[in-house]
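Here is the structure we will look at.
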Amino acid sequence: MPRTKKINRSRSVLTDPEGAESLDSRCHSKTRDSPRNPKKLQAEPKSKKPRFAVLTAHQHPNREVIDIEEMAWAPKYGLKGMIDASVRVKVESGRNKADEKIVPLEFKTGKFSNGQASIWSLLKIASMEHVAQVILYTLLMSERYLKHIDSGLLYYLQSDQTRGITVQRSDVVGLIMRRNDLANDILKASRTQQLPPMLQSLNMCRSCRHLDVCTIYHKVHGGSKESSGLGDLFDSHVHHLTTAHYVFLRRWDQLIDLEAKETQLVKNRIWRPHNLKSDDSTSCFSSVVLDTSDRVPYQKSLKDNRFIYRFVHKKIPLHDAHASGGESSSFPSSAEDFDYTLKSGDYVIISTKFGHQTVASGFITDISQSYVSVSFPKRLRLPSSNSSSEAHDLFREVWQIDKDEFMTSFSVMRFNLVQLFLQSEQSSHLRKMIVDLEAPRFDSGCIFSQDPALSYIWSVKNLNGDQRRAILKILTAKDYALILGMPGTGKTSTLVHAVKAMLMRGASILLTSYTNSAIDNLLIKLKAQVTSYHFYYFLIENVSCPLYLMYFANLAVSLPRTFSLELWIIGYNCSIFVSQSHYYSCCTLLKKKRLQGIDFLRIGRQEVVHEEVRANCVLAMDVHSVEDIKLRLEQVKVVAVTCLGISSPLLANKKFDVCIMDEAGQITLPIALGPLMFASKFVLVGDHYQLPPLVQSIEARENGMGMSLFCRLSEAHPQAISALQSQYRMCQDIMELSNALIYGDRLRCGSSEIANARLEFSGLQSCSSWLKEVLNPGRPVVFINTDMLPAYEAKDSKTVNNPIEAYIVAEVTKELLNNGIVGDDIGIITPYNSQANLIRTAVNITSVEIHTIDKYQGRDKECILVSFVRSSENPRNCTSSLLGDWHRINVALTRAKKKLILVGSCKTLSKVPLLKLLVEKVEEKSSIFSVSKIDINYKEHKGELKRCSHIR
DNA sequence: ACTCTGCGTAGAGGA
């Protein structure tokens, strides 16, 4: 069954100034058609219609297509849109007068009249919605060009007809009123969970493409057959749902509302240009100009036909700097000025700083302390400037670059959620598993020896028992399997082998996760496995008999140790290799095959995909037509894409046998549903003892949005879990901490080498005694207690940091480096961004990675330093939701391989029960060191401090 | 009581 696309995507989108969501995220029959009162809106009667003539550049230099796909955002109306084409036309009105006007031109691919005359074409009137759209565009354009634009054009491609539209004031009023009604409905729905009544028109609703969604929502919100006005049609659309289903849908819909509301509080500056507080916008470059060092304003990228502009900070003239209180004549290019939140690949909106005009959208291709390069699909153009001064105007303009936050994730969530309640077979199976929590089924005990996947699993030598069991769990699952991958237990390589095993069964696999990096990690491993020189690939095409298969499996095991052997089976018919020569010719063939590796397709934007797998993106491949792409999609067995990227048109109608979702513990339920709809069974991999999904709204979090699908299913059906418990990361002492605090001794070291691994110094140089103790490799875990120092947290309105802890961390890091530990092996983590920035300045060595704990999940280093930050004279009023979350503590404690150095105030931290336990555990090993004023050079430290606190 | 990743904009049909 074809997958219906997103709910009502109209190109001009309502953006309510009060923060209502865009039009497409909600659907109800009343909101479907643009004008509520059709009578109000009519195209000009034919007789009075003025004649339009679009003039191309060669006809007259000043009459032309000015722009295509022009971005037009009008905060004044709370509307935004993209105009197909902006054209300059000559309008001949009755009395030989000809005016030149700028008007929007909208293309319609449909037939205006196609032989069979519809009522509309008979009347020579364009479709009402189309006219309404053009009228809205004239409003947007009037704002953009700062002049009144009162006409527009519609062009129907199939019938090659053009319609002129003259805006009537009454039409505009009607549309604006309709817009306000809509905004009101949306706002009401998201705040009070009340939807507008249904249209109650069988004729209109019967063929509406939103009928499914509409009826389900109506029923969920207490509606009935009667109130729907659709009679049996209504019942036939909702009869499959139970009360439990309604409760589930209503609850999640409300959670999404809560979260959306919270997120919208920090909405884009662009929609409130008059609210000029600079600190309310989270990520932007506020005053930049085009880099004038090159003569040309942009560089043309031939590969993807885009235009790259480079922006630099605006130099402030001296008198300006005085006025704003600055000391230098230009913006300091310090860390403070550099926005860490914007990164390469991010979508941005560029607008004029003073005119508040949004000009274009593009993405960042390169960013450094001094400049930012942005790639646009076309040349930058200020709507107000004329062609002669265009380039000059661009250079003179002061720009603002904002991150483009389109909140599509909420509409994706809603879309996914409602998909779960449709009547289709796929939906109903998933609903049983996820809503009704039916027990997942597994192929019981009997293992089919002729299953090539199983032979493969037995043949792989470097899997431990847990890992093999996990893969078997996956292979025997009929509905789903859960893999609990505790820190460092090799879940990625387990997944890689699981993928290979399933490929041998001929299964198609969808690999997914929330983040691009998680997916690329997996793919890089998948790639490395195959191209490794230690493997020989045997492609047994056309194997007829399972017995032969067994024979080959045995042969594989009996080959010399140096070759780990893999069987690669495609299909099950015809001959088998018999002679020695045949055998060798196969080997040659397979060596060639080996170099190609496992074939997979990575779907996603190239800018954000890891360079090592970029070659597997559709665009990077040798495709020249839609047919090529189709062919590729049919061939390929493994497709990798993010949870949100799943709605890519490339995957429309695609189905997979299995969906594997990595880092599933960090994905909210409605987002996770998306990819699952594409497969007949799924595997969730994660660790719900680590950080849960990020949910902004406290209310939503407390009401269950923070619980991932992985967590939900794990709690309902522990028998579906296969746990990986042998870890290959932490040494014994480090592991014992999280075993005691979190995992209840379920974690164990994979080998004695791992358990006894110690940090190796290149010979300890003389340093002060406390540092010597801290570095002592014999103590894998140490706690530096700051209670003897006045090392208190500094608290701004929004951030917390601790300068003395930052100083201590920097000192220890320096000492580690002095003793031969390379920067790459050291990681510094802390709960707070502000502290991470402070440490970054204090340490100032780029090879040492410094991040928040949250960002560090999934990573590890030889040596990790943790700065806990919280410390106050009166610990009682020192509450922290960040440190209070045991998931986060767990992540912090499980990142280090050989040495874990904790820095904090025992007294303050002991107020948190789990951290109290942590302190006690370290104390048992007598590894707590209280540093005093004598230990750290206080004078020097004061100087440092000043520099630190100066930064922010 | 401060943790932050993803995602592109479609458009026709019908009474």
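Atom set for the values below is all heavy atoms of this structure, side chains included, hydrogens, waters and symmetry mates excluded. In what follows, every chain begins at residue 1, and chains take the letters A, B, ... in the order their sequences are listed. This structure is a prediction, so every number in the text was calculated from the model and none was measured.
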In this structure, how many angstroms lie between the [atom2] atom of [N] and the [atom1] atom of [X], rounded?
| X | N | atom1 | atom2 | value |
| --- | --- | --- | --- | --- |
| Lys855(A) | dC2(B) | NZ | P | 17 Å |
| Phe363(A) | dT9(B) | CZ | P | 14 Å |
| Glu793(A) | dC2(B) | CD | P | 9 Å |
| Phe415(A) | dT9(B) | CZ | P | 14 Å |
| Ile829(A) | dT3(B) | CD1 | C1' | 13 Å |
| Arg701(A) | dA1(B) | CZ | P | 9 Å |
| Glu70(A) | dT9(B) | CD | C1' | 16 Å |
| Phe868(A) | dC2(B) | CZ | P | 15 Å |

May I ask you to say what Thr852(A) touches in the nucleic acid, namely base, sugar-phosphate or nothing, with a heavy-atom cut-off under 4.0 Å?
-> sugar-phosphate
So which of Ile524(A), Leu511(A), Thr642(A) actually passes side chain to side chain contact (heavy atoms under 4.5 Å, CB included) with Ile519(A)?
-> Thr642(A)
Do the non-hydrogen side-chain atoms of [X] and [Y] ever get within less than 4.5 Å of each other?
| X | Y | answer |
| --- | --- | --- |
| Ile350(A) | Val374(A) | no |
| Arg144(A) | Glu70(A) | yes |
| Leu709(A) | Ile667(A) | no |
| Tyr514(A) | Glu663(A) | no |
| Glu607(A) | Thr365(A) | no |

Arg179(A) side chain to Leu79(A) backbone, donor-acceptor under 3.5 Å | no
So, does [X] get its side chain near the phosphate of [N], meaning an N or O under 4.0 Å from OP1 or OP2?
| X | N | value |
| --- | --- | --- |
| Ser647(A) | dC7(B) | no |
| His887(A) | dT3(B) | no |
| Thr642(A) | dC7(B) | yes |
| Arg888(A) | dC2(B) | no |
| Asn833(A) | dC4(B) | yes |

Looking only at side-chain atoms of [X], point me to the closest of [options].
| X | options | result |
| --- | --- | --- |
| Arg605(A) | dC7(B), dT3(B), dT9(B) | dC7(B) |
| Leu644(A) | dA12(B), dG6(B), dT3(B) | dG6(B) |
| Arg209(A) | dC4(B), dT9(B), dA12(B) | dA12(B) |
| His130(A) | dC2(B), dA12(B), dT9(B) | dA12(B) |

How are the rings of His688(A) and Phe710(A) set relative to one another: parallel (under 30°), tilted (30 to 60°) or perpendicular (over 60°)?
-> tilted
Pairing annotation in dot-bracket form, given for DNA chain B with Watson-Crick or G-U pairs under 3.5 Å and | for cross-strand partners | ...............
dG14(B) base / Ser207(A) side chain donor-acceptor hit below 3.5 Å | no
Looking just at side-chain N and O atoms, do Asp662(A) and Ser513(A) make a donor-acceptor pair shorter than 3.5 Å?
-> no
Nearest non-hydrogen partners of Glu805(A) and Phe868(A), listed with the distance = OE1-N, 3.3 Å
Can you sort out which residues in residues 510-518 of chain A have a heavy atom within less than 4.0 Å of DNA chain B? Ascending by number, please.
-> Tyr514(A), Thr515(A), Asn516(A), Ser517(A)
